[in-house]
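What you see is a predicted model; the values in this text were computed from it and never measured. FYI, side chains are in, hydrogens and waters are out, and symmetry mates aren't considered; it's all heavy atoms of this structure. Here is the naming used below: chain letters follow the sequence lines, and residue numbers restart at 1 for every chain.
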Amino acid sequence: MQKILDLISEEMKKAFAEAGYDAELGRVTLSNRPDLCEYQCNGAMAGAKKYHKAPLMIAQEVAEKLQENAVLSEVCAVAPGFLNMKVKESFVRDYLREMSGAEKFGFQAPESKKMIIDYGGPNVAKPLHVGHLRSGIIGESIKRICRYAGHEVIGDIHLGDWGLQMGLIITELQKRQPDLIYFDGSYEGEYPKDAPFTISELEEIYPTASAKSKEDEAYKADAMEATYKLQSGVRGYRALWDHIIAVSVADLKKNYANLNVEFDLWKGESDVHDIIPGMVEAMKKGGYAYESDGALVVDVKEETDTKEVPPCMILKSDGASLYNTTDLATIMDRMENFHPDKLIYLTDKRQDLYFEQVFRCAKKTKLVNEDTELVHIGFGTMNGKDGKPFKTREGGVMRLENLIREINEEMIRKIRENAETKGYEIDMEQAGETAKIVGLAAIKYGDLSNQASKDYIFDMDRFTSFEGDTGPYILYTIVRIKSILAKYEEQGGDLTDMVIDEAVNGSEKSLMLELAKYNAMMETACEEIAPHKICAYIYDLANAFNHFYHETKILTEENGQKKAGWIALLALTKEVLETCIDLLGFSAPERM
RNA sequence: GUUCCCUUAGUUAAAUGGAUAUAACAGGAGCCUCCUAAGCCCCAGUUGUGGGUUCGAUUCCCGCAGGGAACGCCA
């Protein structure tokens, strides 16, 4: 389905051509001055130089050609050469009717690609903290947006499960429980099914071990040896590692489920351990990798660089692999097993240069094809009110589950308060569920409505205040519509038998024009992988609806056809809003 | 030190090179016998600085100031 701007532009282009000017000048845009018009065209000003004519004269000539027209109800030329226009009510009506019946409201999907999203995953055995929030929230939304656009998308959490941290945990475990069967080298039997620790113990063990290793050289040496033993496949260590992963992953799944974030793959750095030697060999043989200060590196600088791009390090001087190594090996693995057209990496934006190096290295060493797209989406930091990285009141790192719990508690309080002032009974269980839904929307909308690349302030008070441009405001709008639709059915109305009518007032037309923007907005949001554009759109749409709602008494309308037309408009608004919030990764409750 | 990014109302954020820069919050004034007042409505208040390109610049280019970040054996 064509975008409404294109349809209007077609008319304008015809008029430009009829008046003897270049048709391309007739590109129509949304009005910057809603008080003057709905759409505008600046082509006359752009063409003034070319035709040596005053822009206003060109605009007037073009406007004359548009006086009899099926699309535009009003076209006028104003100084210095703007063409201002309004569209016919019947044209908008027809457009929305088509949109209602079309798949994805007429949004045309681009050419389908296969892509993998790498969430730059959390490390196992460490609790999720607010730093992990953005990657999960943004990643989930991007995944949904790309799928909506018709792409085949695989999301891989890409756990940090193979480094020194694992050795540290094992070492600390050995100090605490030296008699564990896993440390008995001569043991050849089956290992127990259950882990000798819980997730809370694990979360305490890692920081303890990490702190000890920084002070105690011998301890650190033990940890490095344990890492080596693990990576070289010592049975007991591998069995212990399996336990650590299992306990940790179960906890991660629970936490991500609370955020409504899902991964298709739970791979990690450990998965490519075996293919690293082959990759390194190939890089050497290909003449790409060479030794520098004892380390193995690949040059990735290019002549056009204005900045210095250091070589990409493949192996450390002690021969051990590092972050680069596993990322490159993972690229190789993904190319072989999934044949993606595009790889998207989601991490903190501080890793920009790092990914530039890795991507160049992957291209240069032909791990990927010439046309494989490698994209790094670097997101900004989530800061506290003081503008510094978000901390708890005590100054520590805020655990994700605590953050979610705090929001939920505040939400329940709000729901109770609301019920009390309006004087109705609430089911506490249901209130809890609603609180979760609304709280998640508050967190996600608060994050996604900002451009991903920018830092943003996470202000608990503002996010839970629910006023203005927030997730709860969007949900509230949807709930209002649901409530009206339900009452309409109670009155005996049929939701399957209704069709949108011409707008009868300004706020209704505004709502309709807002709806008509949908496919253009979605196209931009998909191309730019920009969830914040969807947020901005639904905020405008919710505003347009609330304005209309305020002016129009829908259910008490006596003209049945008129009422059904409004109900149809509401139904479309609701569907569009729900589709959008689904792409953002949250949903609306039945009531709030 | 080098390079990259950022700077918009008191605060937090918007604006393919277009008219009077857009919202929200905070501040001030209104609207519930009426489909959820988590709403609607009115008022007041902004592009760091100096140049350039352009008919027109928050947007593009150059300088300056202020802030952030990255710069081979961390991830």
Side-chain angles (χ1 to χ4, degrees), chain A residues 27 29-37 40 42 45-46 48-49 54-55 78-82 84 120 123 160 163-165 269 292-297 305-318 320 322-324 326-327 347-354 356-357 378 380-381 385 387 414-415 417-418 421-422 424 438 446 449-451 453-457 459 461-462 464-470 472-477 479-488 491 524 532-533 535-536 539-540 542-543 546-547 549-557 566 570 591-592:
Chain A
R27 204 158 56 89
T29 59
L30 280 173
S31 168
N32 289 313
R33 291 288 303 276
D35 52 321
L36 300 178
C37 58
Q40 67 182 57
N42 305 331
M45 289 181 288
K49 204 172 207 178
V78 299
F82 291 103
N84 288 349
N123 289 326
L164 178 64
Q165 48 166 338
E269 295 169 344
S292 164
D293 292 337
L296 193 70
V297 301
D305 289 341
T306 52
K307 59 183 171 181
E308 203 171 322
V309 181
C312 182
M313 186 176 290
I314 308 300
L315 290 178
K316 297 198 280 189
S317 48
D318 64 359
L322 65 170
Y323 190 39
N324 308 42
T326 52
D327 265 341
T347 74
D348 190 288
K349 70 179 172 194
R350 280 174 295 194
Q351 295 185 35
D352 270 344
L353 176 60
Y354 166 75
E356 181 69 40
Q357 289 176 286
T381 317
K385 271 188 192 175
K414 281 250 154 71
I415 290 170
E417 197 180 86
N418 190 40
T421 52
K422 286 179 188 165
Y424 60 78
V438 180
S449 57
N450 294 288
Q451 286 181 33
S453 65
K454 289 193 167 184
D455 293 348
Y456 79 105
I457 308 272
D459 180 340
D461 297 331
R462 189 159 67 84
T464 54
S465 83
F466 299 175
E467 275 162 30
D469 188 6
T470 62
Y473 172 73
I474 306 293
L475 299 192
Y476 182 70
T477 306
V479 167
R480 272 183 153 175
I481 299 176
K482 281 186 179 178
S483 164
I484 297 173
L485 295 181
K487 290 203 164 105
Y488 179 72
Q491 288 180 355
T524 315
H532 78 276
K533 302 241 166 172
C535 291
Y539 180 62
D540 287 345
N543 263 329
N546 280 318
H547 187 71
Y549 170 91
H550 187 253
E551 283 195 352
T552 319
K553 291 283 163 278
I554 298 162
L555 292 173
T556 49
E557 173 59 43
W566 282 337
L570 260 58
R591 55 181 302 164
M592 49 191 285

Requested in this report: For nucleotides rC43(B) and rA29(B), find the distance between their C1' atoms and express it as a whole number of Å.
Outcome: 7 Å
Query - Side-chain donor/acceptor contact of Asn84(A) with base of rA19(B) under 3.5 Å - result: yes
Query raised in the report: Considering only the C1' atoms, how many Å lie between rA19(B) and rC5(B), rounded to the nearest integer?
Result: 32 Å
Requested in this report: State, yes or no, whether a side-chain contact exists between Leu570(A) and Tyr488(A) at a heavy-atom distance under 4.5 Å.
Outcome: no
Query raised in the report: With a 4.0 Å cut-off on heavy atoms, is Val479(A) in touch with a base, just the backbone sugar-phosphate, or nothing at all?
Result: base
Report task. Using the P atoms only, state how far rC32(B) lies from rA37(B), rounded to an integer number of Å. Result -> 12 Å
Query raised in the report: How is Lys349(A) classified with respect to the nucleic acid when contacts are heavy atoms under 4.0 Å: base, sugar-phosphate, or nothing?
Result: nothing
Query raised in the report: Below 4.0 angstrom from OP1 or OP2 of rA37(B), is there any side-chain N or O of Arg480(A)?
Result: yes
Query raised in the report: Separation of His550(A) atom NE2 from rC40(B) atom C1', in whole Å?
Result: 4 Å
Query - Donor-acceptor contact below 3.5 Å, side chain Asn546(A) vs main chain Ala542(A) - result: yes
Query - Shortest non-hydrogen contact from Met313(A) toward Ala295(A) - result: CE-CB, 3.9 Å
Query raised in the report: Would you say Asn32(A) reaches rG18(B)'s phosphate, i.e. side-chain N/O to OP1/OP2 under 4.0 Å?
Result: no
Report task. Any chance you could list the contact pattern along nucleotides 70-75 of chain B? Use B for base contacts, S for sugar-phosphate-only contacts and - for none, protein heavy atoms under 4.0 Å, 5' to 3'. Result -> S-BBSB
Query raised in the report: With a 4.0 Å cut-off on heavy atoms, is Asp455(A) in touch with a base, just the backbone sugar-phosphate, or nothing at all?
Result: sugar-phosphate
Query - 5' precedence on RNA chain B between Phe466(A) and Ala46(A) (nearest-nucleotide basis) - result: Ala46(A)
**Report entry** Distance, rounded to the nearest Å, where Asn42(A) contributes CG and rG17(B) contributes C1'
**Finding:** 10 Å
Requested in this report: Calculate the interatomic distance between Tyr539(A) atom OH and rU22(B) atom P; express it in whole Å.
Outcome: 15 Å
Query raised in the report: Do Ile481(A) and Tyr549(A) have side chains that get closer than 4.5 Å, going by heavy atoms?
Result: no
Report task. Might you point out which heavy atoms bring Gln357(A) and Pro310(A) nearest each other, and give the distance in Å? Result -> NE2-O, 2.8 Å
Query raised in the report: Is there a donor-acceptor contact under 3.5 Å from the side chain of Ser31(A) to the main chain of Arg33(A)?
Result: yes
Query raised in the report: NA contact type, Ser465(A), heavy-atom cut-off 4.0 Å: base, sugar-phosphate, or nothing?
Result: nothing
Report task. Can you check whether any acceptor in the base of rA14(B) is under 3.5 Å from a donor in the side chain of Gln451(A), or vice versa? Result -> no
Query raised in the report: Taking the chi torsion of rC42(B), is it syn (within 90° of 0) or anti (everything else)?
Result: anti
Query raised in the report: Do you know the tightest heavy-atom contact between Tyr456(A) and Gly446(A)?
Result: CE1-O, 3.8 Å
Query raised in the report: How far does the C1' atom of rU53(B) sit from the matching atom of rG63(B), given to the nearest Å?
Result: 15 Å
Requested in this report: Could you tell me whether the side chain of Gln165(A) and the main chain of Gly160(A) form a donor-acceptor pair under 3.5 Å?
Outcome: yes
Query raised in the report: Taking atom P of rA14(B) as reference, at what distance in whole Å does atom CG of Asp469(A) sit?
Result: 10 Å
Query - N/O (side chain, Asn543(A)) to phosphate O (OP1/OP2, rC40(B)) under 4.0 Å - result: yes
Query raised in the report: Between Phe82(A) and Tyr549(A), which has a closest nucleotide on RNA chain B that is more 5'?
Result: Phe82(A)
Query raised in the report: Can you check whether Lys454(A) has a side-chain N or O nearer than 4.0 Å to OP1 or OP2 of rA14(B)?
Result: yes
Query raised in the report: Under 4.0 Å between a side-chain N/O of Tyr473(A) and OP1 or OP2 of rC40(B), yes or no?
Result: yes
Query - d(NZ, Lys553(A); P, rC40(B)) in whole Å - result: 14 Å
Requested in this report: Could you tell me which non-hydrogen atom of Asp455(A) sits nearest to which non-hydrogen atom of Thr381(A), and how far apart they are?
Outcome: OD1-N, 2.7 Å
Report task. Using a 4.0 Å heavy-atom cut-off across all strands, classify Asn418(A) as base, sugar-phosphate, or nothing. Result -> base
Query raised in the report: So, for Glu269(A) and Tyr323(A), which heavy atoms are closest and what is the spacing to 0.1 Å?
Result: OE2-CD1, 4.1 Å
Requested in this report: Take atom P in rA26(B) and the same atom in rA69(B), then report the distance between them in whole Å.
Outcome: 31 Å
Query raised in the report: Expressed in whole Å, how much space separates the C1' atoms belonging to rU20(B) and rU47(B)?
Result: 15 Å
Query raised in the report: Nearest of rA24(B), rA13(B), rA19(B) to any side-chain atom of Asn450(A)?
Result: rA13(B)
Query raised in the report: Taking the C1' atom of each, how far is rU8(B) from rA21(B), in whole Å?
Result: 9 Å
Query raised in the report: If the C1' atom of rU59(B) is compared with that of rU22(B), how far apart are they to the nearest Å?
Result: 15 Å
Query raised in the report: Are Asp327(A) and Tyr354(A) side-chain neighbours, meaning at least one heavy-atom pair lies under 4.5 Å?
Result: yes
Query raised in the report: Side chain of Gln40(A): nearest nucleotide among rA15(B), rC35(B), rA19(B)?
Result: rA19(B)
Report task. Indicate, with a heavy-atom threshold strictly under 4.0 Å, whether Ile415(A) touches base, sugar-phosphate, or nothing. Result -> base
Query raised in the report: Roughly, in whole Å, what's the span from CD in Glu467(A) to C1' in rA13(B)?
Result: 17 Å
Report task. Taking Watson-Crick and G-U wobble pairs with both distances under 3.5 Å, convert RNA chain B into its dot-bracket string, 5' to 3', dots for unpaired and | for cross-strand pairs. Result -> (((((((..((((....[...)))).((.((.......)).))....(((((..]....))))))))))))....
Query raised in the report: At under 4.0 Å, does any side-chain N or O of His547(A) touch on OP1 or OP2 of rC41(B)?
Result: yes
Report summary line: In whole angstroms, the gap separating C1' of rA13(B) from CG of Asp459(A) amounts to 13 Å
Report task. Locate the shortest heavy-atom distance separating Asn418(A) from Met592(A); write the atom from each residue and the value. Result -> ND2-O, 3.9 Å
Query - Met45(A) CE to rG17(B) P, straight-line distance once rounded to whole Å - result: 15 Å
Requested in this report: Pick base, sugar-phosphate or nothing for Thr29(A), based on heavy-atom distances below 4.0 Å to the nucleic acid.
Outcome: base
Query raised in the report: So, does Gln40(A) use its side chain to make a donor-acceptor pair with the main chain of Phe82(A) at under 3.5 Å?
Result: no
